[in-house]
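Worksheet: one structure, shown below.
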Amino acid sequence: MLLHRLAEVSREVAATAARNRKTALLAELFREAEADDVPIVIPYLAGRLPQGRIGVGWKVLGRPVPPAAEPSLTVREVDARLTELAGVSGPGSQAERVRLAGELMSAATETEQRFLLGLLTGEVRQGALDAVAVEGLAQATGADPAGVRRAVMLAGGLQPVAQGLLADGPAALDRFRLTVGRPVLPMLAHSASSVDEAVRKLGVCAVEEKLDGIRVQVHRDGDTVRIHTRTLDDITDRLPEVSAVVRGLAGRRFILDGEVISFGEDGRPRSFQETAGRVGSRTDVARAAAEVPVSPVFFDALSVDGRDLLDLPFAERHTVLAGLVPEPMRVRRALARGPQDIAEAERFLAETLARGHEGVVVKALDAPYSAGRRGASWLKVKPVHTLDLVVLAAEWGHGRRTGRLSNLHLGARTADGGWAMLGKTFKGMTDAMLAWQTERLRELAVEEHHWGVTVRPRLVVEIAYDGLQRSTRYPAGVTLRFARVLRYREDKRPEDADTVESLLLAHPGVLR
DNA sequence: TTCCGACAGTGGGGTCGCAAT
DNA sequence: ATTGCGACCCCACTATCGGAA
């Protein structure tokens, strides 16, 4: 199949609003693909590379090159070239990547260039990724959509399922079962604004502490232990002490879901930055492990001794978990029968925060494990802080925000009457707010840049954030975690904005 | 007819590893 | 030794479609 055909379909999908039509377009293309093309066409149309990320970004792609007049590239040829690109390393590799990428781009037509650019930078933006591709695959093969979705979750990705389906038809779905050693997409949580809201929604539930670490899925098969992240990356080699702990557990074959986190000598959790830095260290693992040891803390069991637990209610999965994993290695929890226990649940949240954790996750006790979904049966609750800050600058948006000032630079007052930038945010704005702030900020502009405008510090905006973290980038030495806009405060003057000093007082110990 | 669940998009900060400077 | 890039951890929120109620 020609890449040109894919690029045209991608363009048409992007230009189509109706999701059913997007699905149909993808299905049509999947039906056209030859067997050898399938493992390439499917991920491409889901906006990703079969090779995963291959170290090619905006810089490597460099300046635009003149497009080819006629389409000639086949998807298999593109795939082969990208595999070659992915393999380049060592001194001189950057120049070689640039050369190979340039060669590929000059062989592509304009439409193909646009598609390849999106694919390589991970920004296809056609309004259809995994979910729509899964639906399209089901339609193309006549398989049950729910069955395909489930198989994809269990296989950890679209590709093996697509190959099976196109080779053997719907019967292939039976092959995809939960298997120890093969990671499955983890279940995710929605947010709730309070414990009260969460417990009222879920009824009989567990309230579990939410640790601010790295999500892990741990597989043990005898003496073999594998540890995977939320995106199913294998990080076993970076966490030897976790493997050792898991080998010490009673069961021989199991899959557990949990978090790894580092505790300080005082028993309190270290900052997310410290845990993440440790888990990210690959070169001198022994030293990193000595300096910042991490511990696994589990909260779910997906499979134990050959039993697939996914469809069991959480209450039963937890009973199995508790039989396998001793208490300190499980998250703390409280049970709530429903609204009558809200006070207790709130007390548990307060205690959890006092112990230095992030918040709680409220989980329905009767719900199955919805692999790969953001199930409504898990609700996270975290405290939210707010500040009144001043807009110092704003950046032009992209995609559907093109032509709108989008990303705000946020400043707090300093002791000398100036402003210290604390970070940026693009979150929380409605279309109406985007339109309004674009106009207002242009009026306040003192300087225009290619990236946006700097403005007179006049506009006060109320910002929600999850906490303060250390920063080497911003002048106060701190930045906001997950900052988002709540509303503009036109009733406030810049002099009413919060100060760096009061912010640091509100979060003692962050700078130290 | 209205409501709501699921998706995709729009980007945020930090840290690590690697290659280039 | 320092800098810049890319990958990958953490993530919130809004708009939209289409099926459920």
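These numbers come from a predicted model, not from an experiment. Only heavy atoms go into these numbers, but all of them, side chains included; no hydrogens, no water, no symmetry mates. Quick note on labels: first sequence line is chain A, next is B, and so on, each numbered from 1.
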(message) Within the 4.0 Å heavy-atom criterion, would you say A/Thr275 contacts the bases, only the backbone, or no part of the nucleic acid?
(response) nothing
(request) Ignoring backbone atoms, establish whether A/Ser406 has a side-chain N or O less than 4.0 Å from OP1 or OP2 of B/dG11. (result) yes
(request) Answer with base, sugar-phosphate or nothing: what part of the nucleic acid does A/Val279 contact at a heavy-atom distance below 4.0 Å? (result) nothing
(message) Within the 4.0 Å heavy-atom criterion, would you say A/Val485 contacts the bases, only the backbone, or no part of the nucleic acid?
(response) nothing
(message) It should be established whether A/Arg484 places a side-chain nitrogen or oxygen under 4.0 Å from OP1 or OP2 of nucleotide C/dT14.
(response) no
(request) Identify which one of A/Lys380, A/Arg355, A/Arg268, A/Arg481 satisfies the salt bridge (Lys or Arg N to Asp or Glu O under 4.0 Å) criterion when paired with A/Asp212. (result) A/Arg481
(message) Go nucleotide by nucleotide along DNA chain C from the 5' end; which of A/Arg481 and A/Met429 gets its closest nucleotide reached first?
(response) A/Arg481
(request) Please state how far atom CG in A/Leu120 lies from atom P in C/dG6, giving the value in whole angstrom units. (result) 11 Å
(request) Could you grab the distance from atom CD1 of A/Ile235 to atom CZ of A/Arg226, nearest 0.5 Å is fine? (result) 11.0 Å
(request) Return the 5'-most residue of the pair A/Ala376, A/Thr402 with respect to DNA chain B, ranking by each residue's nearest nucleotide. (result) A/Ala376
(request) Quick one: pull up CD1 in A/Ile463 and CZ in A/Arg489 and give me the separation to the nearest 0.5 Å. (result) 12.0 Å
(message) Name the residue from A/Met153, A/Gln217, A/Arg150 that meets the side-chain contact (heavy atoms from CB on, under 4.5 Å) definition with A/Val184.
(response) A/Gln217
(message) I want to know whether A/His409 and A/Tyr474 have ring centres closer than 6.0 Å.
(response) no
(message) Could you tell me how far apart A/Arg404 (CZ) and C/dA15 (P) are, to the nearest whole angstrom?
(response) 12 Å
(request) Write down the distance between CD1 (A/Ile214) and C1' (C/dC8), rounded to a whole number of angstrom. (result) 9 Å
(message) Quick one about A/Glu274 and A/Ser262 (side-chain donor to acceptor, distance below 3.5 Å, no hydrogens or angles considered), yes or no?
(response) no
(message) Just the rounded figure in Å: distance from C1' of C/dT3 to NZ of A/Lys59.
(response) 12 Å
(message) Does A/Gln126 reach a base, just sugar-phosphate, or nothing at all? Heavy atoms under 4.0 Å.
(response) sugar-phosphate
(message) I want to verify a distance call: between B/dG13, B/dA6, B/dG11, whose nearest atom is closest to the A/Lys424 side chain?
(response) B/dG13
(request) Round to a whole Å and report the spacing from CD1 of A/Ile54 to P of C/dA7. (result) 8 Å
(message) Generate the contact string for nucleotides 16-21 of chain C. Rules: B means base contact, S means sugar-phosphate contact only, - means no protein heavy atom under 4.0 Å.
(response) BBSS--
(request) State which residue, out of A/Arg21, A/Lys22, A/Arg19, A/Arg149, fulfils the salt bridge (Lys or Arg N to Asp or Glu O under 4.0 Å) condition with A/Glu135. (result) A/Arg149
(message) Quick check on DNA chain B: between A/Val132 and A/Phe482, whose nearest nucleotide comes earlier from the 5' end?
(response) A/Val132
(request) With axes from five pairs an end, tell me the bend angle of the helix from B/dA8-C/dT14 to B/dT21-C/dA1, nearest 10°. (result) 20°
(request) Would you classify A/Leu188 as touching base, sugar-phosphate or nothing, given that sugar-phosphate means primed atoms plus P, OP1 and OP2, and contacts are heavy atoms under 4.0 Å? (result) nothing
(request) Send over the distance from A/Asp233 CG to C/dA7 C1', rounded to a whole Å. (result) 9 Å
(message) So A/Lys210, base contact, sugar-phosphate only, or nothing? Heavy-atom distance under 4.0 Å.
(response) sugar-phosphate
(request) Answer whether the closest heavy-atom distance between the side chains of A/Phe263 and A/Ser295 falls below 4.5 Å. (result) yes
(message) Nearest to the A/Ser191 side chain among B/dG9, B/dG11, C/dA12, which nucleotide is it?
(response) C/dA12
(message) If the cut-off is 4.0 Å, is A/Lys22 near the phosphate of B/dA8, judged by side-chain N/O to OP1 or OP2?
(response) no
(message) A side-chain contact here means heavy atoms from C-beta on lying under 4.5 Å apart; do A/Phe298 and A/Val246 qualify?
(response) yes
(message) Measuring to OP1 and OP2 of B/dG12, would you say a side-chain N or O of A/Asn407 lies under 4.0 angstrom away?
(response) yes
(message) Assess whether a salt bridge exists between A/Arg484 and A/Asp466, defined as any Lys/Arg side-chain N lying under 4.0 Å from an Asp/Glu carboxylate O.
(response) yes
(request) With rounding to the nearest 0.5 Å, note down the distance linking CG in A/Leu61 to CG in A/Leu116. (result) 9.0 Å
(message) Nearest whole Å is fine: how far is C/dC13 P from A/Glu462 CD?
(response) 13 Å
(message) Does B/dG12 have its OP1 or OP2 closer than 4.0 Å to a side-chain nitrogen or oxygen of A/Lys427?
(response) no
(request) Quick one, give me the B/S/- string for nucleotides 14-21 of chain B, reading 5' to 3', where B means a protein heavy atom under 4.0 Å from the base and S means that only happens at the primed atoms, P, OP1 or OP2. (result) SSSSSSS-
(message) With a 4.0 Å limit, can you tell me whether A/His398 has a side-chain N or O closer than that to the phosphate oxygens OP1/OP2 of B/dG11?
(response) yes
(request) Indicate whether the side chain of A/Thr236 and that of A/Asp234 have a donor and an acceptor atom separated by less than 3.5 Å. (result) yes
(message) For a quick check under 3.5 Å, do A/Gln51 and A/Thr83 share a side-chain donor-acceptor pair by atom type?
(response) yes
(message) Testing the 3.5 Å rule here: is there a donor-acceptor pair between the side chains of A/Tyr369 and A/Asp311?
(response) no
(message) Is A/Thr430 close enough to C/dT14 that one of its side-chain N or O atoms is under 4.0 Å from OP1 or OP2 there?
(response) no
(message) Measure CZ/A/Arg48 against C1'/C/dG6 and give the value in whole Å, please.
(response) 17 Å
